[in-house]
Amino acid sequence: MHRNRLSPTLFLVASLLAVAPAARAQVELVTPETVHGLIDFRLIAADGEPSFVDGGFGKSRYGGDNGGYRLQADVAEAGLEWTPRLNWAWSALIDITAQAGASPVVDLLQAYINYKPVPRSETSFSARLGYFYPPISLEHDAPVWSVTNTITPSALNSWVGEEVKVAGLEATIARDFGVQRLSITAAVFGEDDTAGTLLSYRGWALSDLKATANGEFDLPPLGPFAQQVQASETYSTREIDDRPGYYGRLNWRVTSTVDLHVFRYDNEGDKVSVTSDYQSAWDTRFNEVGASLRIDDKTRILAQALAGRTQFGMETPQGLFADVSFHTAYALLSRDLGKSTLTGRVDIFENTDNAPRPGESNAERGWAMLGAYRYPLGRHADVRLEALHIWSDRPSRTLAGLDPTQAQTVLQSSLRLSF
Amino acid sequence: MGRLFLIFSLLFFPELACAADLIVTVRTPQGKPVSDAVVSLPEQHGRPIHFAWRYTMAQQNLQFDPFVLIVPVRAKVAFPNLDKVRHHVYSFSPAHPFELKLYGRDETRFVTFDKAGVIALGCNIHDGMVGFIVVVDTPYAAKTDASGEAVIHDAPPGSTDVRIWRPYLKAPQNTVLSAVVVPREGAARTVITVGVNPRPDTMRMY
């Protein structure tokens, strides 16, 4: 069964049309505030193994050719964000992105309507309905779900970008207690049943390539057992078992400078539903914690950690078809140097295979270090320089005739124009 | 003739006999100046109050300007939207809850504040916009400038408590009281040390 991947968009547009006539006078469709865009020109020098984008086990978006540095130039992304306002409480967000190396190149990234009535007390309410990223990443705070000070997100948020996006209904209640603010978010969702596929068969990656409504990611060479149950690609946005999942988030702004959150996700996959094109309903659940700390006016620390488990298939003497526990964490320090910003980040990641088949374990472990420098060229352009080093050990690389242990350095420069 | 005028003046306007300036400097414990602090003395009479500055809270560059505005009770405050985008200004402060829908066309709306108190302002469209209107029932009020200094002209003489209020002050109700003695003439200077929390971040979360 190949479902129409544009169904969330059509649903959204129908919702907009239903709401708009009641408030036509207040509609703000196309103005400088409602349309934003970006284009990202990239120069890359990467050594080590080929990228996962080319069907390899590589851990970065741009890889080498198993030798010395390979130079590449790319228009990495062009994105458009439209945030029409229907009246004073209702708005919408539609993100369209064109990503080099993605399949398809141009696609829908997010589309939702947002309801946010004006607060009448210290307690405020908001809700959104549509196709969106759950509120996990502390790194993505720019239009078209992009990062601010680096080029490459952490392993944690790279995975969110690839496999943790939902079509659902989310509501948030927040209450201020002086400077402190407590907010609770809950959501029910579908269209995320394949979450865990890429994380199991390919493993963690550090990549700014984002899942889209019709998008697919090629998987690396699969072992004989996995080939029987999984296609050679995975679609990130799929509803397969018709069972809703849920997530919840608790956020506490402790002081003006300290913000903490905890997040719980469970897609409630039934583990056994499989489509005719071999996409499966994985049962994926994880807990995540995050902290944002402002040390002084110029220095900020972000840290997030995530631990979870993903399972698929029937019980066999060797366990489920796939059963992977996953863990990752990062800490990021950014420092304003007048106009420019310097950022350093450390990532660790690990998968444990709870049902390994001989020769095709999904276990892995690794770490990454990143240094980035961002220099703004006025309001609508910036230059970013980034050095990323990734080390990882993944036994299943032997399926492609590779050494299980790989190290890679990716040097990138980005010229990002935005409006 | 001059002496007669002075006697006449003191007879009918006794406060002229005791006009001193109170100069208050507000600093952090690290010695950094604290701007936007409202310095005030208790009310001494019930006559209408007028301040020298305009009672205007503009929205410009997606910020409230000024960050803190002092107005007297019953002041009619202008809210001009100088941005090209619309703003949905609101306050749920008990002293005067209100909301204004301001289109980005240089539109100005007005609100009259008839009770003393602090009006915290927000914009429902732009979460990062925060501003404060402090409605006072005393003519003796001033705001610290970038150097942390505020001058209350013609302050009444005697011992009194000067009140310091500022957003994010490290004190209950964001308020600190400090005893001062205002002389009958000349100027009194006082330095008040307060802790200030940074302004909370507003993260754009998708």
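Remember, it's a predicted structure, so these values are computed and weren't measured experimentally.
- A perpendicular orientation is assigned to the rings of B/His96 and B/Phe113, their planes being inclined by more than 60° (bins at 30° and 60°).
- For the pair B/Arg166 and B/Tyr168, the cation does not sit on the ring face, since its NZ or CZ is not both under 6.0 Å from the ring centre and inside 45° of the axis.
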Mind listing the side-chain donor-acceptor pairs of residues 67-76 of chain B below 3.5 Å, one per line with the distance, residues two or more places apart or on another chain?
none

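- At a 4.5 Å heavy-atom cutoff, B/Pro97 makes no contact with chain A through either its backbone or its side chain.
- Ion pairing of A/Arg253 with A/Asp259 is absent here, as no side-chain N (NZ or NE/NH1/NH2) approaches a carboxylate O to less than 4.0 Å.
- Under a cut-off of 6.0 angstrom, the local environment of CZ in B/Arg189 is sparse, with at most 12 non-hydrogen atoms contributed by other residues, nucleotides or ligands.
- Note: A/Phe132 and A/Tyr112 have perpendicular aromatic rings, judged against thresholds of 30 and 60 degrees for the angle between ring planes.
- Contact of A/Thr31 with chain B is not made at all, since no heavy-atom distance falls under 4.5 Å.
- A salt bridge (charged side-chain N to carboxylate O under 4.0 Å, His left out) check over residues 110-125 of chain A, counting only residues at least two apart or in different chains, returns the pairs A/Lys116-B/Asp127, A/Arg120-B/Glu99.
- For a heavy-atom cut-off of 4.5 Å, chain A lies close to no residue in residues 21-34 of chain B.
- For B/His87, the part sitting under 4.5 Å from any heavy atom of chain A is the backbone (N, CA, C, O) and nothing else.
- A/Pro32 does not touch chain B: none of its heavy atoms, backbone or side chain, sits under 4.5 Å away.
- Applying the salt bridge (charged side-chain N to carboxylate O under 4.0 Å, His left out) test to every pair with at least one member in residues 287-298 of chain A, sequence neighbours left out, gives these pairs: A/Arg294-B/Asp201, A/Asp296-A/Arg335.
- For B/Lys101, the parts lying near chain A are the backbone and the side chain together; criterion is any non-hydrogen pair under 4.5 Å.
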